[in-house]
Amino acid sequence: MNTLTLPSYAIHLGDLRESAGDWLRGRNYSKIAILVDENTAQHCLPVLLEKTGLENFHLIKIAAGEQHKNIETCQLIWRQMLAFGLDRRSLLLNLGGGVIGDMGGFCAATFKRGMDFVQAPTTLLSQVDASVGGKLGIDFMQVKNSIGVFQDPAAVFIDADFLKTLPYRELRSGFAEMLKHALIADAGQWQNLIQLENLAVPDWLPFILHSLRIKQGIVETDPFERGIRKALNFGHTIGHAIEGHALESEHPLLHGEAIAVGMIAESYLSHRKLGLPMRDVEAITAYLNRIYGTFQIEKSNYPAYFALMQQDKKNENGQILFSLIHPIGNAVVNVACNNEEIEAALDYCRTSGR
Ligand SMILES: NC(=O)c1ccc[n+]([C@@H]2O[C@H](COP(=O)([O-])OP(=O)(O)OC[C@H]3O[C@@H](n4cnc5c(N)ncnc54)[C@H](O)[C@@H]3O)[C@@H](O)[C@H]2O)c1
Ligand SMILES: [Zn+2]
């Protein structure tokens, strides 16, 4: 059992038997509700109940998927919270991926001006990314995470056993954030990760812990994203554009799959703008291609990518700003790149085996 102690809460890593069970019994919550989606109800709830012995709780079950991360689903959740008679001394336990964590946390943080919630993330993405940083929220008017709050959970419980039922593509998607953490902050960990020839990892926990420490360090230095926290956007400026565009196509990409393409393009930009050696760009490209396979970028999509990048949250004064790396393990934020440079990066991606 490992515990990562943050200023206002702790992240407990390891078997839920040793963490969540005692923690829950030690608190005097008036009522406990568990929020699940249809998949985590099937795959994760039995594991949670068996490991924690939790018996008296209300279950709130919603449909799975990002398309349900909206105000209508929040209303459904709040309605059930009211119907169950939850009050400010109750607890909401969010059991699921980032959608459940973000939306459940938002519902709890706003219910009667705020009640406790805990996160039990069940995807690799939510374990390494969504469980630190206090960002909660929902999508609104087709804009991702446009309504939300910053609020810390009472605790986070990470049990890698949940990953056993996670579909491979979802696992791989979360792995991209883990690679990103290494690329922006820890060259040694990057070297360790690229030793993994595939994702049949017997024990994810040490990797998750390492990744969380990196994110925690960054978030603690800059909780409200005024400076260095932007480093976490490496791969995301071009990645989000590719993700957004693919969403409308017949072959939508998962977030991490798009970020993998984005990291290739932005490594190339790191070469152009900061002098990251080309051999590093090529090593990054080779590993990402190996894990994520080929995604065909079409030149005809460039205008759509540019239109999407123009809307990036980080932009200032109409300039597209990037978070890049140089050397590997060090991030440089607020690097303005012009259209010719971005196009060259997309061209590199298009011709580098993708
Ligand atoms: N708050 C943050 O800092 C932060 C950071 C990164 C991402 N996010 C948010 O997280 C969301 C993406 O998270 P996600 O990738 O976890 O998506 P998700 O919650 O939609 O989960 C992905 C899929 O896996 C299923 N699933 C989850 N756990 C499972 C398990 N153990 N076994 C089988 N199936 C399982 C889910 O039902 C879903 O179908 C996005 O909405 C994103 O905005 C938030
Ligand atoms: Zn991401």
Side-chain angles (χ1 to χ4, degrees), residues 16 35-48 61-70 73 94-106 109 117 119-140 143-153 156 158-181 183-184 204 211-212 215-216 218-219 223 225 229-240 242-243 247 252-263 266 313 323:
L16 287 181
L35 178 67
V36 289
D37 68 26
E38 56 208 340
N39 296 321
T40 62
Q42 184 189 344
H43 298 293
C44 306
L45 187 60
V47 177
L48 174 93
K61 186 162 135 185
I62 61 170
E66 181 78 28
Q67 71 274 28
H68 300 289
K69 189 180 164 185
N70 57 31
T73 313
N94 298 316
L95 180 67
V99 169
I100 289 289
D102 279 16
M103 183 161 49
F106 175 69
F117 62 96
Q119 307 292 39
T122 61
T123 62
L124 188 58
L125 187 115
S126 57
Q127 294 185 341
V128 300
D129 200 0
S131 57
V132 185
K135 286 186 180 177
L136 308 169
I138 52 168
D139 306 333
F140 186 60
V143 185
K144 261 194 86 170
N145 300 325
S146 49
I147 304 290
V149 295
F150 279 99
Q151 175 75 53
D152 284 332
V156 177
I158 295 181
D159 187 331
D161 271 356
F162 287 129
L163 303 178
K164 290 179 182 158
T165 56
L166 191 66
Y168 173 73
R169 277 188 69 192
E170 296 288 352
L171 188 74
R172 191 172 75 159
S173 176
F175 187 59
E177 301 290 356
M178 202 177 253
L179 293 171
K180 178 195 76 181
H181 288 159
L183 283 169
I184 62 175
W204 278 104
S211 219
L212 282 174
K215 183 160 182 192
Q216 177 202 3
I218 294 173
V219 168
E225 210 160 344
R229 187 165 178 173
K230 291 185 192 160
L232 294 165
N233 290 308
F234 174 62
H236 281 60
T237 311
I238 292 178
H240 271 149
I242 290 174
E243 181 183 13
L247 218 57
L253 292 175
L254 294 182
H255 177 68
E257 295 171 333
I259 296 317
V261 187
M263 287 194 289
E266 296 184 19
K313 286 199 287 280
S323 303

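Owing to the predicted nature of the structure, the values given are computational and were not obtained by experimental measurement. In each ligand, atom 1 is the first atom listed, and ligand 1 is the first ligand listed.
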inquiry  = With a 3.5 Å distance limit and no angle check, can you tell me whether Gln119 reaches the backbone of Gly101 through a side-chain donor-acceptor pair?
reply    =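 It does hold such a pair.
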message = Restricting to side chain to side chain donor-acceptor pair (under 3.5 Å), what partner residues turn up for Ser131, sequence neighbours left out?
response = none
request  = Could you list the residues that satisfy side chain to side chain donor-acceptor pair (under 3.5 Å) with Thr237, not counting sequence neighbours?
outcome  =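 Checked Thr237 against side chain to side chain donor-acceptor pair (under 3.5 Å); matches are Lys314.
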ask   = Within a radius of less than 6.0 Å around NZ of Lys144, do more than 12 heavy atoms belonging to other residues, nucleotides or ligands occur?
value =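 Yes - once you tally the heavy atoms of other residues, nucleotides and ligands closer than 6.0 Å, there are more than 12.
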key: Contact residues of ligand 1 (heavy atom under 4.0 Å), by chain and number   = Asp37, Asn39, Thr40, His43, Cys44, Ala64, Glu66, Lys69, Gly97, Gly98, Val99, Asp102, Thr122, Thr123, Leu125, Asp129, Ala130, Lys135, Lys144, Asn145, Phe162, Thr165, Leu166, Pro167, Glu170, Lys215
inquiry  = Whether Lys313 and Glu225 form a salt bridge (side-chain N of Lys/Arg under 4.0 Å from carboxylate O of Asp/Glu) is what I want to check.
reply    = no
task = Please round to the nearest 0.5 Å and tell me the distance separating atom CG of Leu95 and atom CG of Leu35.
result = 8.5 Å
message = If we check side-chain contact (heavy atoms from CB on, under 4.5 Å) with Ile238, which of these qualifies: Met263, Glu266, Glu243?
response = Glu266
From Ile184, Val128, Asp129, residue fulfilling side-chain contact (heavy atoms from CB on, under 4.5 Å) relative to Lys215 =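 With Lys215 as partner, side-chain contact (heavy atoms from CB on, under 4.5 Å) holds for just one option, Asp129.
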key: Atoms of protein origin (N, O or S) under 2.8 Å from the Zn ion (ligand 2)   =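 Hits for the Zn ion (ligand 2) below 2.8 Å: Glu177 OE2, His236 NE2, His255 NE2.
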inquiry  = Please verify the inter-ring angle class for His255 with His240; under 30° counts as parallel, over 60° as perpendicular, anything in between as tilted.
reply    = tilted
